[in-house]
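Worksheet for the structure shown next.
Computed from a predicted model, the values in this text were never measured in an experiment.
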Amino acid sequence: MATLIGSAKLSGVEPLAWLTEILERIVAGHTKANEIDTLLPWAWKTQAAIPAAA
C-alpha cells in the first residue's frame, strides 16, 4: 500500500480518489486485462483531466 500511495503522490494524484476509482473499475469489470496500464497514477491523472463526454 505504501508503494501505491507513494506513486500516486509522486504523480501529483490524490491517493484516496485514485485508489477508490481504480478499485471500483477493477471490481466492476470496466477495465480489461490489456488496459491495466490505464490504472497507473500518471495515466489516470491524464484521463481525469479530460472532461467526460456528455
What donor-acceptor contacts under 3.5 angstrom involve side-chain atoms of residues 9-19, with partners at least two apart or in another chain?
unit_1 : atom_1 : unit_2 : atom_2 : d
S11    : OG     : S7     : O      : 3.0
E14    : OE1    : L16    : N      : 3.4
E14    : OE1    : A17    : N      : 2.8
E14    : OE2    : L16    : N      : 3.2
W18    : NE1    : L39    : O      : 2.9

Working to the nearest 0.5 angstrom, can you tell me the gap between W42 CH2 and D37 CG? 10.0 Å

Provide the closest heavy-atom pair for E35 versus H30 in the form atom of the first, atom of the second, distance. OE1-O, 3.9 Å

Roughly how far, to the nearest 0.5 Å, is the CD1 atom of I22 from the OG1 atom of T38? 9.5 Å

